[in-house]
Amino acid sequence: MKKIAELEPRIVWKIFEEITRVPRPSKKEVKIQAFIESFADAHGLERKRDVKGNIVIVRPASPGREDEPALILQSHMDMVCEKDSDIRIDFENDPIEAYVDGEWVKARGTTLGADCGIGMALQMAVLIDPELHGPKIEALFTVDEEQGLTGAMNLGEGMLTGNRMINLDSEDEGEIFIGCAGGIDTVATLTYTPEPAPSTPDYEYYTIEVSGLHGGHSGDDIEKGFANSNKVLNRILWNLARKHGLRLSRFDGGNLRNAIPREARALAALPAGQVAAAGTAFRTLADEIIREFAYTETSMRITFEPSAERSVHVLPADVQSRLLQVLYAVPHGVMAMSFAMPGLVETSTNLASVKMPEEGRIVITTSQRSSVESAKRDIADRVAAVFALAGAEVRHTDGYPGWSPNPASPLVRKSSAIYREMFGRDPKVRAIHAGLECGLFLTRYPELDMISTGPTLRGVHSPAERVDIASVGKVWEYLRRLVEEV
């Protein structure tokens with residue numbers, strides 16, 4: 001099997017392979033920061049770091065280009081840490097097990113971190129390519145993009161001098177992104193006094209689990225019809241509680257605010273006299289759900305198994321009712337499509353996770369996105385109103401702004417022309433429903449002219465994440481031309 005470092009262009013793949021060995025969860029980027037700074041020092045490049053932990057490495061201008069403004073290349077250094085349930089890994093200390101599989105580079109049972117590790121590798125390759133003849137390059141690596149964009153939000157004063165930026169956090173070769181959605185999280189908390197669990201043999205305990213879902217990016221994949229494990233599990237619990245007296249002890253579903261949840265699990269008690277009927281109802285409902293998602297979730301598994309696990313407490317009946325009702329009622333998915341850019345999701349919401357961190361508290365995390373600021377606030381308020389009806393305490397995060405498209409910008413026109421000349425076809429110029437850091441950079445540097453590009457990635461924010469090998473070569477050659485000509 002071919003090694004990743006042996007792929008072409010080797011200057012990019014060698015760096016990417018090294019990056020996969022460096023743990024870099026969001027908010028815990030100390031090891032990747034050290035790697036980036038060591039890289040700069042090893043190649044004699046100037047570097048600087050702000051108090052938030054963002055890093056800029058500077059490549060001096062080539063002879064004759066000293067008077068030109070700097071060109072900024074940007075990516076983020078953290079990665080989404082998701083894994084299959086049977087994989088054992090410590091994301092804070094263990095490397096990703098990346099490998100070549102035909103036309104793709106993948107990871108064994110975990111996210112690959114090509115979002116945005118391949119962007120970092122492209123940046124770093126530009127910094128050390130001896131054949132490039134370009135202006136001054138400012139390579140910006142930001143922290144904590146995946147869990148709040150706090151690095152970009154708090155970029156230090158004086159970190160950048162350039163007036164053009166190429167963001168390398170996109171996922172489709174042949175596309176140039178010129179706008180993105182803004183986002184905000186809405187978090188609901190239900191508090192209660194636990195109730196003693198019903199005793200056996202009057203009640204029997206069961207584990208109900210949803211797994212094998214596609215998952216994916218809550219922005220870029222939200223319109224693809226993938227199932228939400230929290231929604232699927234709650235639908236089953238709601239029916240079994242209403243008709244067969246189910247008492248809920250625990251609900252654990254999803255993990256990350258920006259990922260469509262792939263797995264969810266509940267521990268519940270059923271009256272002994274209702275077990276047979278509940279089992280029949282479960283099988284009927286599970287079969288219906290699997291048929292509903294037959295085209296998008298080919299590996300969906302829904303199980304209902306006796307549990308040796310016993311719980312000391314269950315939710316009080318009124319709290320259980322409010323929880324199951326609100327999870328059923330709260331919206332998830334696409335709320336509106338854009339009329340300004342046909343085919344673009346304008347507004348969406350993601351029911352990201354349901355957690356019970358300790359007895360007496362349930363935390364429900366949701367994430368809203370929109371390319372229209374007022375619509376973003378509206379869907380966040382709508383979600384909050386549903387939670388308020390259930391008696392939950394609700395808070396919003398600060399959120400982040402979108403990036404308004406400017407198809408007539410000089411950088412967009414020039415980058416489109418270069419792509420057309422190189423590959424004999426027009427690139428697709430569009431906006432993306434996912435959040436990019438570009439909108440935040442505009443708050444600090446309002447004159448920036450920006451585009452976003454990158455190789456083809458699929459399954460990001462899930463263990464299905466993979467990067468297309470050939471597209472990395474195309475983007476590398478394209479990026480070199482952009483550096484030399486824009």
Side-chain angles (χ1 to χ4, degrees), residues 85-86 188-213 227-255 261-290 292 300-330 351 353-365 386-387 389-393:
S85 57
D86 60 343
T189 303
L190 281 167
T191 56
Y192 62 95
T193 301
E195 182 176 296
S199 60
T200 55
D202 296 332
Y203 279 75
E204 297 182 17
Y205 283 82
Y206 281 80
T207 297
I208 306 169
E209 189 165 1
V210 179
S211 60
L213 302 189
N228 180 313
S229 61
N230 293 326
K231 282 287 191 180
V232 173
L233 178 59
N234 186 76
R235 180 173 166 183
I236 293 168
L237 297 174
W238 187 86
N239 277 278
L240 295 184
R242 188 165 58 98
K243 299 175 183 177
H244 301 287
L246 175 144
R247 297 300 305 274
L248 181 62
S249 176
R250 286 204 302 275
F251 191 126
D252 182 10
N255 287 305
R262 305 168 53 250
E263 299 178 342
R265 180 178 183 272
L267 176 65
L270 281 163
Q274 289 289 323
V275 166
T280 299
F282 165 81
R283 287 188 292 273
T284 298
L285 184 54
D287 287 345
E288 289 176 352
I289 294 170
I290 289 171
E292 286 176 19
M300 179 188 287
R301 296 184 299 278
I302 309 175
T303 59
F304 176 80
E305 301 289 346
S307 176
E309 201 175 351
R310 294 290 184 270
S311 180
V312 176
H313 296 108
V314 293
L315 274 64
D318 68 312
V319 176
Q320 173 179 304
S321 177
R322 285 188 283 133
L323 173 66
L324 299 184
Q325 300 279 15
V326 78
L327 292 179
Y328 219 146
V330 71
L351 174 57
S353 69
V354 182
K355 297 292 184 183
M356 302 173 73
E358 65 267 338
E359 288 192 343
R361 191 163 70 98
I362 306 166
V363 179
I364 307 166
T365 301
V386 175
F387 285 137
L389 287 172
E393 177 186 335

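Every pair tested for salt bridge (charged side-chain N to carboxylate O under 4.0 Å, His left out) that includes a residue from residues 274-288 fails, sequence neighbours excluded, so the list is empty.
Nearest heavy-atom pair, G254 versus S229, reported as atom, atom and distance to 0.1 Å: N-OG, 4.5 Å. Closest heavy-atom contact between P196 and V314: O-CG2, 4.0 Å. Closest of all the heavy-atom pairs between A278 and L240 is O-CD2, 3.8 Å.
With sequence neighbours left out, F251 forms a ring-ring contact (aromatic ring centres under 6.0 Å, His included) with no residue at all. With sequence neighbours excluded, the residues forming a ring-ring contact (aromatic ring centres under 6.0 Å, His included) with F282 are F304, listed by chain and number. For K231, there are no salt bridge (charged side-chain N to carboxylate O under 4.0 Å, His left out) partners at least two apart in sequence or on another chain. With sequence neighbours excluded, the residues forming a salt bridge (charged side-chain N to carboxylate O under 4.0 Å, His left out) with R361 are E358, listed by chain and number.
If you take NZ on K355 and CG on N255, they are separated by 4.0 Å, rounding to the nearest 0.5 Å. Taking CG from L324 and CD1 from I236, the interatomic distance works out to 12.0 Å, rounded to the nearest 0.5 Å. Here the OG1-CZ distance, from T207 to R250, works out to 8.0 Å after rounding to the nearest 0.5 Å. Note that the CD1 atom of I302 and the CZ atom of R235 stand 8.5 Å from one another [nearest 0.5 Å]. The distance from the CE atom of M356 to the CD1 atom of I362 is 4.5 Å, given to the nearest 0.5 Å. Atoms CG and CD, on L213 and E263 in that order, are 8.0 Å from each other to the nearest 0.5 Å.
Side-chain contact between N234 and V354 is absent, with no heavy-atom pair separated by less than 4.5 Å. The side-chain heavy atoms of L389 and V326, taken from C-beta on, include no pair separated by under 4.5 Å. P306 is listed as a side-chain neighbour of Y206, based on a closest heavy-atom distance under 4.5 Å. In this structure, the side chains of L327 and N230 stay at 4.5 Å or more apart for every pair of heavy atoms. P271 has its side chain within reach of Y203: a pair of non-hydrogen atoms, C-beta onward, lies under 4.5 Å apart. Side-chain contact check for F387 versus E393: every heavy-atom pair is 4.5 Å or farther apart.
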Distance-only criterion, 3.5 Å: show the donor-acceptor pairs between side-chain atoms of residues 315-323 and protein atoms not counting sequence neighbours.
| from | atom 1 | to | atom 2 | distance (Å) |
| --- | --- | --- | --- | --- |
| Q320 | OE1 | L248 | N | 2.6 |
| Q320 | NE2 | L246 | O | 2.9 |
| R322 | NH1 | A390 | O | 2.7 |

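A donor-acceptor contact shorter than 3.5 Å is absent between the side chain of T365 and the backbone of L351.
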